[in-house]
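Whatever order the structure lists them in is the order used to number ligands and atoms, beginning at 1.
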Amino acid sequence: MTTLPALPADLTTPAYVLDMAALERNMATAARLRREAGCRVLLATKAFAMPAAFGLMRESLDGTTASGEYEARLGRETFGKEVHVYAPAYGPGEVERLLSIADHIYFNSPGQIGLYLAQAKAAGREIGIRINPGYSNATLGGALYDPCAPCSRFGTTMDRLGELPWGDIDIMHTHTLCESLHDGSVGLIEHVARTLGDYVRRVKAVNFGGGHFINKPGYDLSALIAAIKAFKAEFGVDVILEPGAGLVVDTGYLVSSVLDVHWNEKDIAILDTSASTHMPDVLEVPYKPPVFEAGEPGERGHDVILAGKTCMTGDVIGEYSFARKLKPGDRVVFGDMMQYSLVKNNVFNGTPLPDLAVLDKDGTYRVVKRFGYRDFADKLG
Ligand SMILES: Cc1ncc(COP(=O)(O)O)c(C=O)c1O
C-alpha cells in the first residue's frame with residue numbers, strides 16, 4: 001500500500017479519493033509497456049471508470065474496452081481513441097447500436113458471430129472472437145474469477161474452433177487472468193503460441209485480455225515485454241492488452257468516519273461506509289481491505305471490528321487494531337479502492353453514495369461528484 005498523502009481535515013465522508021500522483025506512476029508503467037513491447041493497451045472500464053481521470057490516462061493508453069453498449073458509449077463519449085466491446089451475448093438491437101460507437105466488436109461463440117457477422121462487417125468494424133484456451137491462472141477467488149473454470153460461459157472452447165469463420169476474424173481474444181503476476185501473463189502468451197498458433201496466423205491481432213497486474217509490486221514488466229516481443233516476432237500480429245485493476249491498483253482511498261462504537265464481546269466501530277454498498281468485493285471475493293494506520297488484531301493495542309451501517313448482518317469489513325481506541329468522528333481510510341469498488345457500489349438500504357473526489361498532484365482536493373437522495377429515489381422508479 002502507498003503512504004497516505006495529506007487529505008483535508010474537514011473533507012465530507014464517505015468519499016472515494018483518486019490520488020493523481022499514484023495514477024500517474026501507474027500510467028508510466030503502461031506507457032513503458034506500450035513503448036517497449038510495441039503493443040496496444042486499453043483500459044477495461046468495468047474495473048474503473050472515472051471520466052475525471054481520463055485526461056491523464058488517455059496520454060498513456062490506446063482506448064477503452066467495454067462489456068456492452070453503455071460502457072462502450074461512456075468510452076466513446078468521455079475517453080475517445082479506440083473503443084472495443086465484448087459481451088458473452090448481445091441483447092436485441094445492441095450490436096446495431098454498437099456499430100456507431102465501437103470500432104472493434106468481439107463475439108463469444110460460433111452462434112453469436114453467425115448472427116451478427118454480416119452486419120458488423122458491412123459497417124466496417126473489426127471482428128473479434130473470444131476463445132477459451134483452457135489456461136487457468138486467476139490468483140483471486142478461485143473458480144469465481146477464473147474464466148476457464150469448468151462450464152465457464154466465456155469464449156469458444158477449443159473443440160469448436162473449426163466452426164468459426166476465420167477468414168472474417170480480425171482479432172483473437174483470450175481473457176483468462178485475474179490479478180496475475182508476470183508468470184501468469186507470460187504463461188498465457190506461451191500457451192496461446194503453443195496451442196493456437198495455426199489460428200493466430202489467420203488473424204491480425206491477439207488480445208490477451210485483462211488480469212495482468214502490471215503495477216503490483218513483484219510484477220516483472222520486462223518478462224511481459226519480452227514475451228510479447230517474442231510472440232509478435234513469431235506470428236507477425238499485433239498484440240493488445242486490456243487490464244483494468246492492473247492500471248489503477250493502489251491509486252486511491254475510501255475515506256470514512258466512525259459513527260459509533262458498539263460493544264458486543266468486542267468493540268465494533270460502525271462506519272458511514274459499508275462493505276455491502278461501497279466495497280462489495282470485500283464480501284464477494286471475499287477479502288480484507290487494507291486500512292491506513294491499522295494492523296492485524298493484537299498488533300497495535302486496540303482491536304476493533306469495522307462494520308457497515310446497513311441492516312445486513314454480514315456487512316462487516318474485518319477486524320483490525322489501532323494504536324488508540326476509535327471514537328465517533330474518527331476517520332478510517334481504506335486503501336486500494338479504485339479497482340471495482342466505485343463501479344460496483346450500490347444504494348442498498350438507502351445508503352448514501354460516497355463523494356467522488358480527486359487529490360491533485362499539488363495537494364488540491366476536488367469533489368467531482370456528490371450524490372444525494374435523488375440518486376437513490378430515481379433508481380427505484
Ligand atoms: C474480458 C475482460 N477484459 C478485461 C478485464 C479486466 O480485468 P482486470 O480488471 O482483472 O484487469 C475483464 C475482467 O473481468 C474481462 O472480463
Side-chain angles (χ1 to χ4, degrees), residues 23 26-27 29-30 33 39-50 53 57 61-72 74-75 79 82-90 98 102 104-109 112 128-133 135-149 152-156 171-182 184-185 188-189 192 205-216 219 221 224 239-252 279-281 284-285 287 336-344:
L23 184 65
N26 281 11
M27 285 301 105
T29 308
L33 175 60
C39 66
R40 278 137 77 191
V41 181
L42 310 169
L43 165 67
T45 49
K46 68 184 75 192
F48 173 79
M50 202 202 253
M57 299 182 93
L61 301 175
D62 294 277
T64 55
T65 187
S67 317
E69 182 186 348
Y70 286 1
E71 276 189 9
L74 187 85
F79 198 104
E82 296 176 22
V83 178
H84 297 232
V85 60
Y86 156 80
Y90 292 101
L98 279 167
H104 308 74
I105 305 184
Y106 299 69
F107 300 97
N108 192 53
S109 62
Q112 282 277 298
I129 185 75
R130 181 163 176 178
I131 305 296
N132 175 343
Y135 178 82
S136 291
N137 183 269
T139 58
L140 183 76
L144 194 59
Y145 295 98
D146 176 4
C148 298
S152 166
R153 67 192 177 285
F154 300 126
T156 301
I171 311 174
M172 177 193 289
H173 182 276
T174 59
H175 168 77
T176 68
L177 307 177
C178 184
E179 298 203 353
S180 300
L181 292 180
H182 55 278
S185 306
L188 170 63
I189 293 168
V192 169
V206 177
N207 181 332
F208 287 107
H212 310 270
F213 226 8
I214 56 173
N215 280 293
K216 192 75 178 170
Y219 193 104
L221 196 70
L224 172 62
V239 165
I240 304 166
L241 302 183
E242 47 178 46
L247 295 177
V248 294
V249 58
D250 267 336
T251 60
M279 34 188 151
D281 275 355
E284 189 181 310
V285 172
Y287 81 105
D336 194 14
M337 277 294 152
M338 289 297 109
Q339 42 163 327
Y340 290 98
S341 289
L342 65 104
V343 289
K344 287 177 88 170

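If you number the atoms of ligand 1 from 1 as listed, the ones under 4.0 Å from a heavy atom of Ala245 come out as 8 (P), 9 (O), 11 (O). Ligand 1 places these atoms under 4.0 Å from at least one heavy atom of Pro243: 11 (O). Less than 4.0 angstrom separates some heavy atom of Arg130 from each of these atoms of ligand 1: 1 (C). Under a 4.0 Å criterion applied to the non-hydrogen atoms of Ala47, ligand 1 contributes the atoms 9 (O).
For a threshold of 3.5 Å applied to N or O pairs, the pair formed by Gly244 and ligand 1 contains at least one separation below that value.
When only non-hydrogen protein atoms are considered, atom 4 (C) of ligand 1 lies nearest to Glu242 O, 3.3 Å. Of all protein heavy atoms, the one closest to atom 9 (O) of ligand 1 is Tyr340 OH, 2.6 Å. For atom 5 (C) of ligand 1, the closest heavy atom belonging to the protein is His175 CE1, 3.6 Å. Scanning the protein for heavy atoms near atom 14 (O) of ligand 1, the closest one is Lys46 CD, 3.6 Å.
For His84 and Tyr106, the ring centers sit closer than 6.0 Å to each other.
Side chains of Asp146 and Cys178 form no contact here, defined as non-hydrogen atoms less than 4.5 Å apart. At a threshold of 4.5 Å between non-hydrogen side-chain atoms, the residues Val285 and Tyr145 count as touching.
Taking the six-membered ring for Trp and thresholds of 30 and 60 degrees, Tyr90 and Phe107 have ring planes more than 60 degrees apart, a perpendicular arrangement.
Between Phe213 and ligand 1 there is no heavy-atom distance shorter than 4.0 Å.
For the 3.5 Å distance criterion, the side chains of Asn108 and Tyr86 qualify, holding a donor opposite an acceptor. Ser185 and Tyr219 form a side-chain donor-acceptor contact under 3.5 Å, judged by distance and modelled atom types alone.
Proximity of a side-chain donor or acceptor of Thr45 to a complementary backbone N or O of Thr65 within less than 3.5 Å is detected.
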